[in-house]
Protein chains: 2
Amino acid sequence: MRRQYAPRLSIADRREQVLDAALQVIVRDGYAKVSIEAVAREAGITRPVVYSAYDGLGPLLLALLDRQQIRAIEQLEGLIPDTLSPGDPGGFALRAIEAWMNAVVTDPMTWRPILTQQYGTPEVVRDRIEATRGHIRQQLSNLIFSGYAESLPDTEVAAHMLLAVLEHFGTLLLEDPPRYEPARMAATLARMLTALR
Amino acid sequence: MRRQYAPRLSIADRREQVLDAALQVIVRDGYAKVSIEAVAREAGITRPVVYSAYDGLGPLLLALLDRQQIRAIEQLEGLIPDTLSPGDPGGFALRAIEAWMNAVVTDPMTWRPILTQQYGTPEVVRDRIEATRGHIRQQLSNLIFSGYAESLPDTEVAAHMLLAVLEHFGTLLLEDPPRYEPARMAATLARMLTALR
DNA sequence: ATCCATTGCTACACCAGTGTAGTAATTCCG
DNA sequence: CGGAATTACTACACTGGTGTAGCAATGGAT
């Protein structure tokens, strides 16, 4: 009994399909369960087809990371302002925080692997995620400098704190069911920021 | 060529040895690499000996978790006060934060598996750690209520924020080399707490 | 010194994933 | 419509982990 042939796809479409399947496995079963075999099963194809798309699990996960990283950064575009408008103490922060949390609940497939995991396998991968974090943190640092220079002179450490809190809020939203309303978390954070001016 | 016999140990000593080996593997290679085989290799014994100590990987990891949880909680004992002395706004916080960070750098074997969620951490382990986190968070919540009730009425969310920051500071200390001085991080956090009173 | 109970080791059968060489089905194009 | 060219599948050898039955070394009691 020969198995039914999967539809033939161009290499580009195949790669998309494989990445979709890998992401599905990761979100459903966690990183521990990801394997070429599991991805093939998920996609309804056989291992050799997966190998025709990527040279192994490492390159596959790296490609997935590339794709998801682009999606994540696209969602962050424009969320972080360059400076704080002086007349609007907590308002803008509140809106930005809520927009970020909205992005997380809207597209959990993208955010779950970023927020709840460090890719333990290839060092390269972890480094790249951390590099992106560093970039975001730099923007946050500038922002803090523009609005909180007197109360928080160490903007670098302050940016670490802020990003840690934002990421933690994100993970809380990914719990099932979400523990708190986005507005509730944003309110407390905005309150703190306001108090610091 | 028969391998050399490992020293005979009582069941209790054997269990300690096995847990030590497992912890070593986890800290060095991550949870993804832990197996009965890896633990046996690390301890310089054979698999059947590991099986004589624990009934499999699950029970072994659970026992390790028990042991490390006790060690972690012991180190936290007394770090968190019940209430804040009214006359000492940021001073106590500063000392407590530095004490906590000192514990992390002193005993990284205990804290690394807790602070850095690794690739492939088993569900049981994660759940248990999360339960303990909840307990700590509750204490922090009480503390915030006793000192910051007006500025931070949502003590539950505030406790989440505080713990997220403290844990992030911990992970920064576990980097090699540590990114910041403990005092530097503590200073910024203490400054924020002071500003909120 | 020598038992022999205790404790560790070897060896086996089994499972699940890897990577690939060779074969078969499917398209597309003449 | 029929035969390449393309694309997917099968099958195999290999690796590394699991759990256990049975054998062998050790070392304390006699």
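Proteins come first, then strands; the chains are lettered A, B, ... in the order of their sequence lines, and each starts at number 1. Computed over heavy atoms, backbone and side chain alike; hydrogens, waters and symmetry mates excluded.
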[X] [atom1] - [N] [atom2] separation (whole Å):
{"X": "B:Glu37", "N": "C:dC14", "atom1": "CD", "atom2": "C1'", "answer": "15 Å"}
{"X": "A:Arg14", "N": "D:dT6", "atom1": "CZ", "atom2": "P", "answer": "16 Å"}
{"X": "B:Asp13", "N": "C:dG8", "atom1": "CG", "atom2": "P", "answer": "11 Å"}
{"X": "A:Arg2", "N": "D:dC9", "atom1": "CZ", "atom2": "P", "answer": "9 Å"}
{"X": "B:Leu61", "N": "D:dT18", "atom1": "CG", "atom2": "P", "answer": "11 Å"}
{"X": "A:Arg3", "N": "D:dA11", "atom1": "CZ", "atom2": "P", "answer": "12 Å"}
{"X": "A:Tyr51", "N": "C:dT18", "atom1": "OH", "atom2": "C1'", "answer": "5 Å"}
{"X": "A:Gln4", "N": "D:dT7", "atom1": "CD", "atom2": "C1'", "answer": "15 Å"}

Going by atom types only, do A:Trp111 and A:Gln68 share a side-chain donor-acceptor pair under 3.5 Å?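 No, A:Gln68 and A:Trp111 have no side-chain donor paired with an acceptor closer than 3.5 Å.
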Just checking, is any N or O donor in the side chain of A:Gln17 or A:Asp13 under 3.5 Å from an acceptor N or O on the other one?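 Side-chain D/A pair, A:Gln17 to A:Asp13: absent.
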Would you please confirm or rule out a distance under 4.0 Å between OP1 or OP2 of D:dT26 and any side-chain N or O of B:Arg8?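 For D:dT26, neither OP1 nor OP2 has a side-chain N or O of B:Arg8 closer than 4.0 Å.
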Can a side chain N or O of B:Tyr5 be found less than 4.0 Å away from OP1 or OP2 on C:dG8?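 No, outside the criterion.
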Residue pair A:Pro108 / A:Pro113: nearest heavy atoms and the distance that separates them: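 Here A:Pro108 and A:Pro113 meet closest at O-CD, 4.2 Å.
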Looking at every strand, decide which applies to B:Leu57 at a 4.0 Å heavy-atom threshold: base, sugar-phosphate, or nothing.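 Since no nucleic acid heavy atom lies under 4.0 Å of B:Leu57, the category is nothing.
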Does the ring center of B:Phe169 lie less than 6.0 Å from the ring center of A:His160?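 Not under 6.0 Å, so no.
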Between the base of C:dG19 and the side chain of A:Arg47, is there a donor-acceptor distance below 3.5 Å?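 Checked by distance alone, the answer is yes.
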